[in-house]
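This report concerns only the one structure given below.
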Protein chains: 2
Amino acid sequence: MAKTILVVDDEKRLVSVVEAYLEQEGYHVIKAYNGREALHIARDEKPDLIILDVMMPEMDGLEFMQHHRKESDTPIILLTAKVESDDRVIGLELGADDYVIKPFRPRELLARIRAVLRRAGETRPVASKLQSGDITLDRDGHTVEVSGEYVDLTPSEFDILSALMSSPGRVFSRLELLDRIQGTAYEGYERTIDVHIKNLRAKIEHDSRDPQYIKTVYGVGYRFARE
Amino acid sequence: MAKTILVVDDEKRLVSVVEAYLEQEGYHVIKAYNGREALHIARDEKPDLIILDVMMPEMDGLEFMQHHRKESDTPIILLTAKVESDDRVIGLELGADDYVIKPFRPRELLARIRAVLRRAGETRPVASKLQSGDITLDRDGHTVEVSGEYVDLTPSEFDILSALMSSPGRVFSRLELLDRIQGTAYEGYERTIDVHIKNLRAKIEHDSRDPQYIKTVYGVGYRFARE
DNA sequence: CAATGACTTCACAATTCCTTTACAGTTCTC
DNA sequence: GAGAACTGTAAAGGAATTGTGAAGTCATTG
């Protein structure tokens with residue numbers, strides 16, 4: 001069964017980006033925008049993991065942990081800004097299992113999540129293979145097979161293809177795809193995606209001038225062909 | 001059939017780490033978080049070995065042993081903190097088979113487990129040998145053979161190779177590999193893994209500049225060749 | 001307590017990847 | 001069909017990641 005992850009941060013945009021990414025990875029995501037709210041939700045929903053911003057209004061992350069630790073030992077990953085590196089120590093002493101420094105890339109956070117969940121005894125990851133037509137994408141092995149042949153993709157290419165294949169037929173805007181690979185790191189230039197798509201097509205399409213898998217939706221974005 | 005090991009400690013995190021490690025080594029692990037709970041579980045499940053923390057709430061390790069010894073002679077390995085060195089003597093007098101001082105590294109504990117189980121007349125756990133291509137790794141003998149020749153690996157190198165070979169084709173992040181060799185991950189520098197990998201490659205690859213076994217997955221981690 | 005080996009950290013080199021730019025090609029709108 | 005808007009693409013500089021030798025630290029052994 002899918003693991004439930006509670007994401008707590010007052011930056012709604014960040015929460016959305018993380019949510020989209022984790023859901024695409026097969027996790028069930030619930031959200032809260034401050035510590036107080038998070039406490040109630042954690043009680044009711046009993047998530048398998050909590051991702052927690054240190055800096056928040058109402059009740060900050062450290063305060064949340066002090067309360068929460070009294071009633072549960074759910075693993076916690078802290079999000080900290082660079083300058084707050086002291087919080088890191090405090091956080092780990094208060095019982096955080098790991099921390100990630102903002103801004104971070106989704107794949108970075110994912111690596112931490114996997115490690116923490118595995119440490120917490122979960123050897124059962126989510127369904128790790130996506131298949132569509134002649135293409136098989138394996139998230140565990142980070143490999144892509146086209147017509148039985150392994151194709152080497154860069155991290156960004158892999159993330160984009162992974163996003164597209166997670167919902168064949170659905171159109172992803174460039175911004176969404178950018179979020180997948182950059183997170184909230186910085187506002188990037190959307191056209192960067194075009195270049196990744198070009199390179200992706202060169203690797204997985206039989207004829208990149210008449211793509212069968214990655215279709216362009218004029219004025220909107222890209223989508224993976226549904227069969 | 002796989003040996004069953006009961007791990008008893010009130011530090012859940014520690015139990016999880018030990019569990020993950022032992023399961024990877026082919027043991028079946030059951031858990032308890034205090035002495036009272038452990039007594040019931042030991043009765044029902046009849047583990048082949050018990051790993052027992054001395055300091056615990058409710059019923060501590062020594063108390064547990066007094067009760068347990070009346071009904072069974074399951075081998076017991078004690079976990080003690082440094083300061084409790086007196087407990088060690090008491091524990092051994094009460095019938096512990098060995099003890100390990102906290103904090104310990106997983107392989108340290110593993111060595112004790114093997115020794116105790118061997119002494120108790122048991123044979124090896126399942127799947128003690130991993131083979132792939134020209135490489136054979138023997139977890140029992142702690143040996144590695146490449147093209148029929150024995151190769152000397154350091155403990156860390158052995159653990160990393162063992163992890164990688166346990167799931168060929170799966171990518172392990174540096175964080176995960178750090179977990180394998182350190183037990184606790186958030187402290188420690190991920191790039192340390194790079195150095196171990198370099199040294200490993202020098203020992204097992206025919207051409208370490210074009211590795212056939214240990215592949216780098218850029219931006220993600222390392223994996224044992226999938227073919 | 002010296003010596004050996006293992007582990008970690010650091011600094012820099014080597015490699016791979018990402019982004020941006022500029023322009024060409026395509027699709028849409030009127 | 002012309003112009004505007006959008007997309008495809010090649011190339012180059014810069015950023016990020018990995019490889020590696022060496023020094024320093026720690027633990028173990030003789």
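A note on names: the letters A, B, ... follow the listed sequences, proteins ahead of strands, and every chain is numbered from 1. Quick caveat: nothing in here was measured; it's all calculated off a predicted structure.
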Gap between atoms CG and P, on B:Leu200 and D:dT20 respectively (whole Å):
13 Å
Taking C:dT8, D:dG8, C:dT19 as options, the one with an atom nearest any side-chain atom of A:His196 is C:dT19
Among C:dT19, C:dT21, D:dA10, the one nearest any side-chain atom of A:Lys198 is D:dA10
Value in whole Å for how far the P atom of C:dC17 lies from CZ of A:Arg105:
14 Å
Atom CD of B:Glu157 to atom C1' of C:dA6: distance rounded to whole Å?
9 Å
Report yes or no: is there a donor-acceptor pair, N or O only, under 3.5 Å between the side chain of A:Arg209 and the base of C:dG25?
no
Think A:Arg174 has a side-chain N or O under 4.0 angstrom from the OP1 or OP2 of D:dT7?
yes
Round to a whole Å and report the spacing from OH of A:Tyr222 to P of C:dT26.
15 Å
Criterion side-chain hydrogen bond (donor to acceptor under 3.5 Å, both in side chains) on A:Ser166 and A:Arg139, from CA distance to verdict
CA-CA 11 Å; A:Ser166 71; A:Arg139 284 176 171 149; 4.8 Å; no
Taking only side-chain nitrogens and oxygens of A:Gln182, does any of them come within less than 4.0 Å of OP1 or OP2 of C:dC18?
no
Value in whole Å for how far the P atom of D:dA16 lies from CD of A:Glu108
13 Å
If each end axis of the helix from C:dC1-D:dG30 to C:dC30-D:dG1 is fitted on five C1' pair positions, the angle between them, to 10 degrees, is 40°
In this structure, which one of A:Arg107, A:Gln24, A:Arg180 forms a side chain to side chain donor-acceptor pair (under 3.5 Å) with A:Asp159?
A:Arg107
Does C:dC7 have OP1 or OP2 under 4.0 Å away from a side-chain N or O of B:Thr154?
yes
Can you tell me how far the CZ atom of A:Arg191 sits from the CD1 atom of A:Ile197, to the nearest 0.5 Å?
12.0 Å
Give A:Thr216 one of three labels, base, sugar-phosphate or nothing, depending on what nucleic acid heavy atoms sit under 4.0 Å from its own.
sugar-phosphate
How many Å lie between NZ on A:Lys203 and P on C:dT16, as a whole number?
12 Å
B:Tyr189 side chain, from C-beta outward: closest of C:dT9, D:dG8, D:dT20:
C:dT9
Kindly indicate whether a cation-pi arrangement holds for A:Lys12 with A:Tyr33, taking the cut-offs as under 6.0 Å to the six-membered ring centre and within 45° of the axis.
yes
CE-CG distance between A:Met55 and A:Asp10, expressed to the nearest 0.5 angstrom
8.5 Å
For C:dT20, does either OP1 or OP2 sit under 4.0 Å from a side-chain N or O belonging to A:Thr192?
yes
Does atom CG of B:Asp207 have more than 12 heavy-atom neighbours from other groups under 6.0 Å away?
yes
Classify the nucleic acid contact of A:Phe158 as base, sugar-phosphate or nothing, counting any heavy atom under 4.0 Å across all strands shown.
nothing
Side-chain-base donor-acceptor pair under 3.5 Å for B:Tyr218 and C:dT16
yes
Does A:Asp152 have more than 12 heavy atoms from other residues, nucleotides or ligands lying within 6.0 Å of its CG?
no
Would you kindly give the CG-to-P distance between A:Leu178 and C:dC18, to the nearest whole Å?
12 Å
With a 4.0 Å limit, can you tell me whether B:Arg201 has a side-chain N or O closer than that to the phosphate oxygens OP1/OP2 of D:dG19?
yes
Proximity to the side chain of B:Pro155 - top-ranked nucleotide from D:dT20, C:dC7, C:dT19
C:dC7
Return the 5'-most residue of the pair A:Leu153, A:Val195 with respect to DNA chain C, ranking by each residue's nearest nucleotide.
A:Leu153
Look at all strands and tell whether A:Ser156 reaches a base, only sugar-phosphate, or nothing, counting heavy atoms closer than 4.0 Å.
sugar-phosphate
Ring of A:Phe172, cation from A:Arg174 - is the NZ or CZ under 6.0 Å from the centre and inside 45° of the axis?
no
B:Asp194 CG to D:dG21 P, straight-line distance once rounded to whole Å:
14 Å
